[in-house]
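Below: the structure, in structure tokens.
Computed from heavy atoms alone, side chains included, the values below leave out hydrogens, waters and symmetry copies. Note that the numbering runs from 1 along the sequence shown for the chain.
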Amino acid sequence: MIEVIHTGPFSVNTLAVSVGKNKVFAVDPACCAFCGDEMVFVDYLKKNNLDCAAIVLTHGHFDHVAGVKVLKKFYPDAPVLIHENDSNFIGSNSEQSHRKILSMMGAESFLPSVSCLPPADSFLKDKKTLLDSIKSASNSKDNCFSGILTDEELCYSFAEWQVISTPGHTSGSVCLYNPKEKILLSGDTLFFGSFGRTDLGGNEFQLMESLSMLKRIIPPDTKVYPGHDYTGFSFSKGFPF
């Protein structure tokens, strides 16, 4: 089960992805006070008696990470997972990384929403699973995530999600792929009939390589949930070339 909740300044597809029982992992929370939707995702979880087991970021752009702070406030044991190449967009110095992009867009007023964000608890790695990252987080000094590993159903669910490194939109962009369910969470790498921009610190050549790689490995009937706009389309119908 995947619930799509639109949050943040560009109506990000924030996803609540079921991992069994009453647990979900959140993908790209963008909810913030600046946009007047700070509690939208938390309220959804509370209304449906759901718990956030992890926070997964497909990349570090401001419109995909602004909600990390509020989620960690309510779910402090949920590890924050992001690719290492984009980890500078969160953490105590996050404002510095976002300032250049927001200045280019004339949106400096959004800076407080992405200042002093919670840091990454572990990193997403290509060809590894979400469970691999959670295991890494649970072995850290703050060992506050090990409860996940004692739940067989949670472990099984997190192990079903594979990380695919897809640099281009940002250097640390990733997709999450569940081969059993045939679902791809594509972030801003792939949209319906389109793909992410590269003028905000991206690399067009890398993005084309990433898209070509996805075309080779993702089955055509896979359902795609991107970071914006239309969701649930089949990979073959939505792929741009």
Side-chain angles (χ1 to χ4, degrees), residues 1-2 14-29 50-60 64-65 68 71-72 75-91 117-190 206 209-210 213-214 216-219 222-227:
M1 183 276 292
I2 296 179
T14 296
L15 307 177
V17 183
S18 176
V19 281
K21 296 180 180 177
N22 65 329
K23 304 279 189 178
V24 302
F25 67 84
V27 179
D28 293 349
L50 296 171
D51 185 28
C52 182
I55 302 164
V56 184
L57 306 175
T58 63
H59 64 291
H64 288 252
V65 303
V68 174
L71 284 192
K72 283 293 280 187
Y75 306 99
D77 288 347
V80 178
L81 311 175
I82 191 171
H83 193 281
E84 187 171 11
N85 287 357
D86 273 18
S87 61
N88 59 299
F89 286 109
I90 58 177
L117 293 174
D121 294 297
S122 189
F123 298 129
L124 301 169
K125 295 185 182 298
D126 188 36
K127 299 182 176 64
K128 299 293 186 179
T129 69
L130 289 185
L131 181 62
D132 293 327
S133 291
I134 291 167
K135 284 180 177 178
S136 296
S138 71
N139 290 329
S140 68
K141 291 180 180 179
D142 296 327
N143 197 19
C144 59
F145 317 119
S146 57
I148 295 175
L149 301 178
T150 63
D151 188 312
E152 185 177 348
E153 185 177 5
L154 278 179
C155 286
Y156 180 81
S157 295
F158 279 114
E160 288 187 322
W161 288 96
Q162 301 173 1
V163 177
I164 304 174
S165 179
T166 54
H169 180 63
T170 66
S171 63
S173 287
V174 302
C175 294
L176 302 175
Y177 176 51
N178 187 320
K180 179 182 178 182
E181 300 295 331
K182 289 189 176 181
I183 294 174
L184 181 73
L185 313 182
S186 63
D188 283 5
T189 295
L190 173 67
Q206 283 188 330
E209 284 196 322
S210 293
M213 177 267 295
L214 289 176
R216 290 194 304 270
I217 68 173
I218 300 300
T222 298
K223 285 188 175 181
V224 182
Y225 290 80

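Checking side-chain atoms of Ser171 against main-chain N and O of Pro167 turns up no donor-acceptor pair under 3.5 Å. Ser18 contributes no side-chain N or O that, together with a main-chain N or O of Met1, makes up a donor-acceptor pair within less than 3.5 Å.
Distance CD/Gln162 to SG/Cys175: 12.0 Å, rounded to 0.5 Å. In this structure, the separation between CD1 on Ile82 and OG on Ser133 is 11.5 Å, given to the nearest 0.5 Å. Distance check, rounded to the nearest 0.5 Å: CH2 of Trp161 to CG of Leu130 gives 8.0 Å. One finds the CG atom of Leu214 at 6.0 Å from the CG atom of Leu184 (value rounded to the nearest 0.5 Å). Here the OG1-NZ distance, from Thr222 to Lys182, works out to 6.5 Å after rounding to the nearest 0.5 Å. The distance from atom CG of Asn178 to atom CD1 of Ile183, rounded to the nearest 0.5 Å, is 6.0 Å.
Nearest heavy atom pair, residue Val65 against residue Phe89, reads CG2-O, 4.3 Å. Nearest approach of Pro118 to Ile90, heavy atoms of both residues: O-CB, 3.5 Å. Here the closest non-hydrogen pair linking Gly187 and Thr58 is CA-OG1, 3.5 Å. The two residues Cys52 and Ala78 have their closest heavy-atom pair at O-CB, 3.5 Å. Across all their heavy atoms, Ser157 and Gly20 have their closest contact at OG-N, 4.2 Å.
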Derivation of the salt bridge (Lys or Arg N to Asp or Glu O under 4.0 Å) call for Asp151 and Lys23: CA-CA 11 Å; Asp151 188 312; Lys23 304 279 189 178; over 6 Å; no
Step-by-step side chain to side chain contact (heavy atoms under 4.5 Å, CB included) determination, Phe25 to Ile55: CA-CA 6 Å; Phe25 67 84; Ile55 302 164; over 6 Å; no
Asn85 vs Thr170, side chain to side chain contact (heavy atoms under 4.5 Å, CB included): CA-CA, chis, key distance, verdict: CA-CA 8 Å; Asn85 287 357; Thr170 66; over 6 Å; no
Residue pair Asp188, His64: steps toward the side chain to side chain donor-acceptor pair (under 3.5 Å) verdict: CA-CA 10 Å; Asp188 283 5; His64 288 252; 3.1 Å; yes
Test log, rule side chain to side chain contact (heavy atoms under 4.5 Å, CB included), inputs Phe123 and Ser136: CA-CA 8 Å; Phe123 298 129; Ser136 296; over 6 Å; no
Pair Leu154-Leu131, side chain to side chain contact (heavy atoms under 4.5 Å, CB included): steps then yes or no: CA-CA 9 Å; Leu154 278 179; Leu131 181 62; over 6 Å; no
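For the pair Ser165 and His83, the minimum side-chain heavy-atom distance is below 4.5 Å. Side-chain contact check for Asp121 versus Lys72: some heavy-atom pair is nearer than 4.5 Å. A heavy-atom distance below 4.5 Å is found between the side chains of Tyr177 and Pro219. Within the 4.5 Å cutoff, the side chain of Leu57 has no heavy atoms near those of the Asp86 side chain. Looking at heavy atoms from C-beta onward, Val163 lies out of side-chain contact with Thr129 at the 4.5 angstrom threshold. Side chains of Leu81 and Ile134 form a contact here, defined as non-hydrogen atoms less than 4.5 Å apart. Between Ile164 and Ile218 there is a side-chain heavy-atom pair separated by less than 4.5 Å. In this structure, Val80 and Val68 have side chains that are in contact, with non-hydrogen atoms separated by less than 4.5 Å.
Between the side chains of His59 and Asp28, no donor-acceptor pair of N or O atoms lies under 3.5 Å. A donor-acceptor contact closer than 3.5 angstrom links the side chains of Thr189 and Thr166.
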